[in-house]
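As the structure is a prediction and not an experimental result, all values here were calculated from the model.
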Amino acid sequence: MARHLDRHRFRSALSAGRELCLNVNIDWNAIMIATLKGFTQQLVPVNGIKINAVTGGSGPPILLLHGWPETWWEWHNVMPLLAEHVSVVAIDLRGAGFSDCPLDGYDKATMARDAHEVMIALGHERYAVCGHDIGGMVALSQAAIHREAVTHLAVLDVPLPGWTGWEATTAGLWHFSFHMNRDLPERLIHGREYDYVSTFMAERFYDHSTFNPADIEIYAKAMALPGRTRGGMEWYRTLAADHAAALEYKKHPLGIPVLGLGGDQRFGAQMVPMLKEFASDVTGGSIARCSHYVADERPKEVAAALIDFLEAT
């Protein structure tokens, strides 16, 4: 697959970023919040744990759920654009970032309960939810389980458990089976978080010039926090159960508006037909010149699509 950048220059930037990540003691959390004017952070007690939530904006609420190996910071270029129109809530999923990482509860139904209870605790009884990657799996579960609360569902660039193409597609994704191994990924990644995250994400970008290596530092720092590598691996270790649960969701299709988006170099062409297996009112398509990390590569396009989707329905 073609890549839009001098790969040597990108690798050089990652190498420089690795040195900063490993050698400088920085309060990343304070820096991240300070860069987003009008947003605040809090730890919200829900479902027996604490979930890190960043909030800002005003209007109808939307919840943003990140993917692997990212944190709420995945959305930092999208959030200010959305905040001009809606109330934005971005969280760290259970096991990631500054949220707790308990021993269990990584099935997507439990993670959806975490996210739903955050919204209720923040005073949002009805809300839209948008998830990317693993966050998209959580978002689908949330819409299926908490139907009285979720008004709109958006899923970005991810094969979904329950989809007819699930087994064939995930069989070709090496990291799914690697992450499912008990203890092995944690042992191999420990102390090499930056190397693993940077290499993994570089292979899933189309336009490398759109990505700031400083963001990789943030994700690597978050993964190196105690228990967070294991937490992220647990998201994959529950996928067999998630698939079985999603097959049940399909028996009761969603009637709410659903948006499916993906990079034209990744899952973009599959998102709408995939989501039509779970819902009756699905729109969306591909984002041009983009691969998997759509909110990082094309934040303006993602924000515009979400705003249009929410305002049109």
Side-chain angles (χ1 to χ4, degrees), residues 1-17 62 64-85 88 90 130-137 139 153-160 163 165 169-170 172-175 197-219 258-276 282-312:
M1 186 177 295
R3 292 291 189 270
H4 178 66
L5 189 66
D6 183 323
R7 178 64 65 84
H8 176 71
R9 287 193 294 112
F10 187 70
R11 294 292 188 188
S12 296
L14 293 185
S15 179
I62 183 170
L64 303 177
L65 305 176
H66 65 88
W68 194 90
E70 299 183 292
T71 66
W72 73 267
W73 186 249
E74 168 182 345
W75 305 102
H76 74 281
N77 288 322
V78 175
M79 292 163 67
L81 302 175
L82 292 179
E84 297 176 7
H85 302 265
V88 178
C130 171
H132 166 245
D133 188 76
I134 295 291
M137 301 180 188
L153 169 66
V155 178
L156 310 185
D157 209 83
V158 63
L160 291 167
W163 173 41
T169 300
T170 57
L173 300 174
W174 65 266
H175 67 286
V197 171
S198 63
T199 302
F200 187 92
M201 295 188 72
E203 293 301 321
R204 289 158 181 79
F205 261 73
Y206 175 75
D207 184 356
H208 290 153
S209 68
T210 63
F211 195 78
N212 183 353
D215 294 333
I216 295 180
E217 298 162 27
I218 289 172
Y219 302 139
V258 175
L259 176 68
L261 293 175
D264 64 349
Q265 304 297 312
R266 197 68 175 176
F267 294 113
Q270 293 147 298
M271 294 310 301
V272 168
M274 185 192 312
L275 283 161
K276 284 185 175 180
V282 182
T283 57
S286 296
I287 299 174
R289 298 176 59 77
C290 185
S291 189
H292 179 58
Y293 292 104
V294 292
D296 298 284
E297 284 199 72
R298 297 288 180 257
K300 292 181 180 179
E301 289 86 341
V302 169
L306 288 172
I307 291 165
D308 288 346
F309 171 60
L310 296 173
E311 292 182 346

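When every heavy atom of Ala269 is checked against every heavy atom of Ser286, the shortest pair comes out as N-OG, 3.3 Å. For the pair Met137 and Val158, the tightest heavy-atom approach, listed with the atom from each and the gap, is CE-CG2, 3.9 Å. Annotation for Ile134 and Trp68: closest pair CG1-CB, 4.3 Å, computed over non-hydrogen atoms. Between Ala139 and Ala154, the shortest heavy-atom contact is CB-O, 4.5 Å. Considering all non-hydrogen atoms of both residues, Phe309 and Leu153 come closest at CZ-O, 3.6 Å.
With rounding to the nearest 0.5 Å, the separation of CD in Glu301 from CG in Leu306 is 12.0 Å. Remark: Trp72 CH2 to Ile218 CD1 distance equals 8.0 Å, nearest 0.5 Å. Atoms CG and CG, on Asp215 and Asn77 in that order, are 7.0 Å from each other to the nearest 0.5 Å.
You'll find the side chain of Leu275 reaches within 4.5 Å of the side chain of Leu160, heavy atoms only. Side-chain contact between Thr169 and Trp163 is present, with heavy atoms from C-beta onward closer than 4.5 Å. Within the 4.5 Å cutoff, no side-chain heavy atoms of Met271 are placed close to those of Leu261. Contact of the Glu74 side chain with the Tyr219 side chain is registered, since non-hydrogen atoms from C-beta on lie closer than 4.5 Å.
Of the candidates Arg266, His292, Glu297, Tyr206 forms a side chain to side chain contact (heavy atoms under 4.5 Å, CB included) with just one, namely Glu297. Exactly one residue among Leu82, Leu156, Val78, Leu65 makes a side chain to side chain contact (heavy atoms under 4.5 Å, CB included) with Cys130. That residue is Leu156. None of Asp264, Val302, Asp157 except one satisfies the side chain to side chain contact (heavy atoms under 4.5 Å, CB included) rule with Ile287; the exception is Val302.
At distances below 3.5 Å, at least one donor-acceptor pair connects side-chain atoms of Arg204 with backbone N or O atoms of Phe200. Not one N or O on the side chain of His66 forms a donor-acceptor pair closer than 3.5 Å with the backbone of Trp73. Judged by distance alone, with hydrogens and angles left aside, the side-chain atoms of Asp207 form a donor-acceptor pair with the main-chain N or O of Ser209 at under 3.5 Å. Listed for the Gln270 side chain is no donor-acceptor partner under 3.5 Å among the backbone atoms of Pro159. Arg289 places no side-chain N or O within donor-acceptor distance of the main-chain N or O of Arg298, the cut-off being under 3.5 Å. With His208 contributing its side chain and Ala202 its backbone, the two residues share a donor-acceptor pair below 3.5 Å.
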From CA spacing to verdict: side chain to side chain contact (heavy atoms under 4.5 Å, CB included), His85, Leu310: CA-CA 10 Å; His85 302 265; Leu310 296 173; over 6 Å; no
Test log, rule side chain to side chain contact (heavy atoms under 4.5 Å, CB included), inputs Phe205 and Asp296: CA-CA 9 Å; Phe205 261 73; Asp296 298 284; 3.5 Å; yes
